[in-house]
Trainee: 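This structure is in structure tokens; I'll ask about it shortly.
Only a predicted model underlies this, so the values are computations on that prediction, with no experimental measurement involved. The figures here come from the full heavy-atom set of this structure, side chains too, leaving out hydrogens, waters and symmetry mates.
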Amino acid sequence: MRLGSAIPAALAALLGAVLAWFGHAVGIPSSTFWWILVAALLVTVWRPRLFAGLLIGLWVFTGVQDEWASRLPAGLSGEDVSVDATVLTAQPMGDATRLMLSIDSCQRPAQRPRCSAVSKVRVTAYSDETFYPGEQWRMTLRLRPPSGFANPGTFDYEQWLWREGIHATGYLRQDPAPRRLAEAGPSLRQLGLKFIARQSLDDRTKRWLAALTLGDSGQLTQDDWSLLNATGTTHLVVISGLHVGLVASFVLMLAKLAARLTMPTNWRMRAWPWWVAAAACMSYAALAGMAPPAMRAMVMTLIGLWVLSGRHAPSPWQGWWLAMAMVLIVDPLALWRPGMWLSFIAVAWLIIIWQGRRRPRGIKGWCWALARSQLLLAPLMADAVLVAFGRIAPAAPLINLVAVPWVSSVMVPTALLGWLLSLVPFLGQAMWSLFEVALTVFHTFLALSVQHWPLWEPDRPLTYPLALALLLLSLCWGLPAVLPGIRLASTALVVALPWWSLSSMAPQQGLRVTVHDVGQGQLIELRSKHYRLLYDTGPRFRGGFMPLESLWSPGQRFDQVIVSHSDNDHAGGINALLTAHHVNKWTAPAGETLPIASRTCQQGQSWQRDGVDYRFLWPPAGANELSPNDRSCVLEVSVGEHRLLITGDVSTEIERRFLLEVATPVAFLVAGHHGSSTSSGVQFVRHTAPKHVVFSAGRHNAFQHPVDNVVRRFHQQGSCLWSTAQDGALRFWLEAAHPIEVRTTRPLPGRRNRC
């Protein structure tokens with residue numbers, strides 16, 4: 001591809017990806033796009049130069065469309081399928097292993113949709129077997145279409161699965177037992193990982209070596225990622241321009257030295273050192289997995305080598321557009337990956353702030369250039385991270401002033417030299433020992449920084465005003481010919497906006513209730529102006545993951561947490577609260593075995609906060625012989641004329657015992673036992689006649705909650721029905737003398753009219 005065609009090619013690729021996404025979002029049939037293609041082909045008869053762009057756009061468009069077409073059919077959800085698969089990654093997690101599999105062949109049950117289009121799945125193996133990347137297995141999987149929890153302001157797992165090309169999730173069945181068909185073939189990355197594992201280094205050093213030099217960031221633990229996120233240094237462990245450029249420069253230096261020794265008279269005229277450096281650049285990017293940042297760095301590094309070797313010097317923007325075109329052609333889904341945009345935005349801004357300036361000279365000049373680049377880049381990158389992830393590392397500019405030169409000048413060179421000298425006794429180990437010391441210094445520096453400047457996640461209403469202020473700050477300080485007064489005003493705006501938000505964005509009057517989407521479980525947050533209560537804590541999965549971990553940043557404070565009973569789907573998140581948050585008061589039924597010191601909930605207990613009345617309707621005082629479900633804490637909340645009722649998992653028999661205690665009318669009812677037939681009896685439903693009913697149930701759950709007969713009972717009473725399985729998290733406001741407002745995370749067309 002000629003550099004002069006880079007911009008049209010990139011725009012064609014972008015247009016193809018956007019059209020595919022738009023067509024899927026609004027439900028335009030594929031046949032419509034084929035008619036558009038026919039019209040475009042006719043245009044190319046008169047304008048042949050558009051033909052290449054049309055092919056690029058069509059390629060990207062088809063690639064994006066194929067990803068939606070490859071998802072597991074809904075008719076195979078919860079069914080067992082037999083597959084021959086190759087292990088792509090195997091990540092230990094507690095007593096299980098998380099597997100990424102490439103499906104070679106798939107056998108579906110009789111009378112079920114085909115699964116031949118499914119090519120990549122993510123499953124959990126609760127097995128004693130040991131899996132290694134590259135192995136081929138025959139196994140039985142129970143799969144479901146890609147899905148995730150839908151909670152406001154949290155990580156979108158379903159979107160992540162789609163953009164990573166994962167077509168189904170599930171788990172490995174033990175019967176029949178999986179069978180290994182072939183051992184892993186040779187792989188440079190796997191050989192490298194095994195070589196690192198044999199070294200006499202501590203575990204942290206080994207996983208950071210794997211991430212920094214082999215691009216295997218999956219080796220890093222959750223604690224590692226938390227530290228990097230909190231300090232704004234995640235980009236330092238992604239193989240990108242820093243690593244690829246260092247490898248190319250180092251190989252070029254060695255190749256030139258070899259040329260000078262072997263051809264002392266005309267070594268400057270030789271082109272092969274540049275070709276060797278280019279080959280090393282491409283090989284290293286391929287070893288790192290050709291992720292979008294690495295591919296962007298590879299393309300721009302190759303252009304840099306071309307220019308430095310004395311060839312035609314294209315514009316930096318031509319290289320930027322060419323890199324974008326190449327990334328989208330190779331990986332159309334990269335358009336939806338935040339890492340791609342963070343990488344391209346950073347490079348574009350560096351081009352802008354350095355275009356037309358002289359090249360730095362001497363140590364002083366390069367130090368000033370580094371400081372200027374980091375300080376001008378930091379607000380824009382903080383802006384991009386805030387929009388993409390909803391968080392800011394307040395001290396990231398200052399931390400990166402130290403971290404970037406330390407990683408690029410000390411850690412990465414010693415890590416790469418360790419590989420280069422690995423075959424020389426003691427020298428390779430010595431280099432990696434130096435890397436271990438440098439890593440310890442780096443880790444200690446980040447940990448101290450987090451203690452003084454923790455990660456900040458602003459309130460959602462503040463996100464976009466703050467992002468706009470950061471963008472203004474970047475433009476005012478990065479662009480030339482901006483008056484000093486405007487620059488100072490933009491800085492003052494960014495500093496003042498968070499302080500203004502703390503004083504002016506007070507919580508809404510009344511009570512805000514959020515029924516979080518935690519799968520097959522329950523977690524309800526009730527929040528008024530000065531009071532924050534949790535009812536239940538959600539489940540804990542077999543692999544150890546607790547959905548509560550993904551809802552809030554660490555350090556939250558809760559005035560009271562009510563654990564309705566000890567079942568895992570209600571009490572599974574207790575450990576996450578104990579580990580990362582602060583709870584003033586725990587409440588649970590008598591007789592429950594829980595890892596907390598709690599007060600007992602008893603029938604008749606009541607209290608008031610911020611004008612909101614709380615009252616327990618069940619269980620009765622004293623010891624009882626009821627089952628854990630039937631001794632659930634039943635909570636009634638009153639805000640003016642509005643009533644909220646949460647019944648836990650009590651059965652229909654227990655519902656009849658406290659039925660006369662329920663104050664009617666009930667505005668909102670969180671249906672008992674996730675919509676099971678053991679709760680929500682006919683008498684209870686008729687008496688309460690709730691205006692709105694929420695089923696806290698998991699998507700594709702094995703129990704089919706909510707069950708049909710319960711749904712029909714509430715329909716007959718004219719209730720408006722909501723389910724976290726379909727609607728995602730539900731948020732509603734109870735305020736005296738005001739109508740109820742409901743918001744869903746997955747808005748469904750026509751829902752407002754039906755309710």
Side-chain angles (χ1 to χ4, degrees), residues 151 510-528 531-540 546-548 551-552 556-574 576-578 581 583-590 592 594 596 598-603 605-610 612-619 628-639 642-650 654-655 658 662 666-675 679 690 692-697 722 724 729-734:
N151 294 293
L511 184 70
R512 186 185 73 186
V513 182
T514 306
V515 183
H516 289 285
D517 179 12
V518 293
Q520 190 63 16
Q522 186 166 273
L523 194 161
I524 306 168
E525 181 183 7
L526 296 88
R527 192 166 189 176
S528 56
Y531 188 65
R532 191 177 186 185
L533 180 148
L534 286 186
Y535 183 98
D536 283 337
T537 65
R540 180 183 185 274
M546 292 165 279
L548 185 144
L551 295 178
W552 305 289
Q556 302 292 312
R557 292 189 176 273
F558 300 94
D559 297 283
Q560 185 173 355
V561 174
I562 300 171
V563 182
S564 65
H565 60 299
S566 60
D567 281 1
N568 172 67
D569 52 348
H570 295 257
I574 289 178
L577 284 171
L578 292 173
H581 306 289
V583 177
N584 293 339
K585 177 183 176 182
W586 294 88
T587 304
E592 298 293 281
L594 297 169
I596 51 173
S598 62
R599 302 181 183 181
T600 58
C601 59
Q602 296 180 4
Q603 189 177 36
Q605 288 178 341
S606 63
W607 66 100
Q608 187 182 73
R609 294 289 189 279
D610 299 331
V612 180
D613 295 310
Y614 301 85
R615 183 167 65 115
F616 283 125
L617 305 183
W618 191 263
N629 283 355
D630 281 345
R631 56 174 176 253
S632 296
C633 301
V634 177
L635 180 66
E636 181 189 74
V637 184
S638 301
V639 184
H642 300 307
R643 303 283 185 275
L644 165 67
L645 184 61
I646 310 173
T647 63
D649 280 357
V650 297
I654 301 300
E655 289 172 347
F658 64 78
V662 178
V666 174
F668 253 96
L669 169 69
V670 180
H673 208 172
H674 321 291
S679 301
H692 297 271
V693 178
V694 179
F695 299 105
S696 182
W722 309 86
T724 58
L730 289 148
R731 177 170 289 174
F732 52 94
W733 283 260
L734 300 179

Trainee: Would you check if the distance from the ring center of Phe558 to the ring center of Trp552 is below 6.0 Å?
Mentor: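 Yes, the ring centres sit under 6.0 Å apart.
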Trainee: May I have the step-by-step check of side-chain contact (heavy atoms from CB on, under 4.5 Å) for Trp618 and Gln603, ending in yes or no?
Mentor: CA-CA 5 Å; Trp618 191 263; Gln603 189 177 36; 4.2 Å; yes
Trainee: Decide yes or no on side-chain contact (heavy atoms from CB on, under 4.5 Å) for Leu551 and Leu523, but give the supporting numbers first.
Mentor: CA-CA 11 Å; Leu551 295 178; Leu523 194 161; 4.0 Å; yes
Trainee: Can you tell me how far the CG atom of Leu534 sits from the CD atom of Gln522, to the nearest 0.5 Å?
Mentor: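 So the CG of Leu534 and the CD of Gln522 are separated by 11.5 Å.
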Trainee: Using ring pair (Phe, Tyr, Trp, His ring centres under 6.0 Å) as the criterion, list what pairs up with Tyr614, not counting sequence neighbours.
Mentor: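 Checked Tyr614 against ring pair (Phe, Tyr, Trp, His ring centres under 6.0 Å); matches are Tyr531, Trp607.
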Trainee: Indicate the atoms forming the closest heavy-atom contact of Ala576 with Met546, along with that distance.
Mentor: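 It is N-SD, 3.7 Å.
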Trainee: Start with the C-alpha distance between Val515 and Trp722, add both sets of side-chain angles, then the distance that settles side-chain contact (heavy atoms from CB on, under 4.5 Å), and finish with yes or no.
Mentor: CA-CA 10 Å; Val515 183; Trp722 309 86; over 6 Å; no
Trainee: Side chain of Thr724, backbone of Ala697: donor and acceptor closer than 3.5 Å?
Mentor: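 Such a contact is found between Thr724 side chain and Ala697 backbone.
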Trainee: When rounded to the nearest 0.5 angstrom, what distance separates CG in Leu526 from CG in Leu511?
Mentor: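 If we round to the nearest 0.5 Å, Leu526:CG and Leu511:CG are 5.0 Å apart.
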Trainee: Nearest 0.5 Å, what's the CG-CD distance between Leu669 and Glu636?
Mentor: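 That separation rounds to 11.5 Å.
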Trainee: Do you know the tightest heavy-atom contact between Phe616 and Cys633?
Mentor: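 Closest approach of Phe616 to Cys633: CE2-CB, 4.0 Å.
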Trainee: Are any side-chain N or O atoms of Asp517 and backbone N or O atoms of Asn151, one a donor and one an acceptor, separated by less than 3.5 Å?
Mentor: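 It does not hold such a pair.
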Trainee: Does a side-chain heavy-atom distance below 4.5 Å link Ile562 with Ile646?
Mentor: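 A side-chain contact is absent here, since even the closest heavy-atom pair is not under 4.5 Å.
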Trainee: Listed by chain and number, what are the side chain to side chain donor-acceptor pair (under 3.5 Å) partners of His565, not counting sequence neighbours?
Mentor: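 Per chain and number, His565 pairs via side chain to side chain donor-acceptor pair (under 3.5 Å) with Asp567, Asn629, Ser632, Asp649.
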Trainee: What distance do Thr600 atom OG1 and Gln605 atom CD have between them, rounded to the nearest 0.5 Å?
Mentor: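 Reported value, rounded in 0.5 Å steps: 6.0 Å.
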Trainee: With His673, which residues qualify under ring pair (Phe, Tyr, Trp, His ring centres under 6.0 Å), at least two apart?
Mentor: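 Partners of His673 by the ring pair (Phe, Tyr, Trp, His ring centres under 6.0 Å) criterion come out as none, since no residue qualifies.
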Trainee: Name all residues meeting the side chain to side chain donor-acceptor pair (under 3.5 Å) criterion together with Arg609; count only those two or more places apart in sequence or in a different chain, and write none if there are none.
Mentor: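 Here no residue qualifies.
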Trainee: Please report the shortest heavy-atom distance between Val563 and Pro589, naming the atom on each side.
Mentor: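 Smallest interatomic distance, heavy atoms only, reads O-CD, 3.3 Å.
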Trainee: When you look at Leu548 and Val518, which way does the side-chain contact (heavy atoms from CB on, under 4.5 Å) test go after all the steps?
Mentor: CA-CA 7 Å; Leu548 185 144; Val518 293; over 6 Å; no
Trainee: For Thr587 and Gln560, does a side-chain donor sit closer than 3.5 Å to a side-chain acceptor?
Mentor: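 Gln560 and Thr587 do have a side-chain donor-acceptor pair below 3.5 Å.
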Trainee: Is there a donor-acceptor pair closer than 3.5 Å between any side-chain N or O of Thr647 and the backbone N or O of Val634?
Mentor: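 Answer holds: no.
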Trainee: How many angstroms lie between CG in Leu617 and CD1 in Ile654, if you round to the nearest 0.5 Å?
Mentor: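 So the CG of Leu617 and the CD1 of Ile654 are separated by 13.0 Å.
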Trainee: Please check if the side chain of Ser638 supplies one atom and the backbone of Arg643 the other of a donor-acceptor pair under 3.5 Å.
Mentor: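 No, the answer is negative, given that no donor and acceptor are paired below the 3.5 Å cut-off.
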Trainee: How long is the straight-line distance from NE2 of His516 back to CZ of Arg731, given to the nearest 0.5 Å?
Mentor: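 The NE2 atom of His516 is 7.0 Å from CZ of Arg731, to the nearest 0.5 Å.
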Trainee: I'd like to check the salt bridge (charged side-chain N to carboxylate O under 4.0 Å, His left out) partners of Arg532; sequence neighbours left out, ordered by chain and number.
Mentor: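 By the salt bridge (charged side-chain N to carboxylate O under 4.0 Å, His left out) rule, Arg532 matches Glu525.
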Trainee: Mind listing the closest non-hydrogen atom pair of Leu644 and Leu734 along with its distance?
Mentor: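 Smallest heavy-atom distance, with atoms named: CB-CD1, 3.9 Å.
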Trainee: Return the minimal non-hydrogen interatomic distance between His570 and Asp536, and the atom names on each side.
Mentor: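 Here His570 and Asp536 meet closest at ND1-OD2, 2.6 Å.
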Trainee: Restricting to ring pair (Phe, Tyr, Trp, His ring centres under 6.0 Å), what partner residues turn up for Tyr535, sequence neighbours left out?
Mentor: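 None.
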Trainee: Measure across Ser598 and Ala588 and return the closest heavy-atom pair with its distance rounded to 0.1 Å.
Mentor: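 So the two residues come closest at OG-CB, 3.8 Å.
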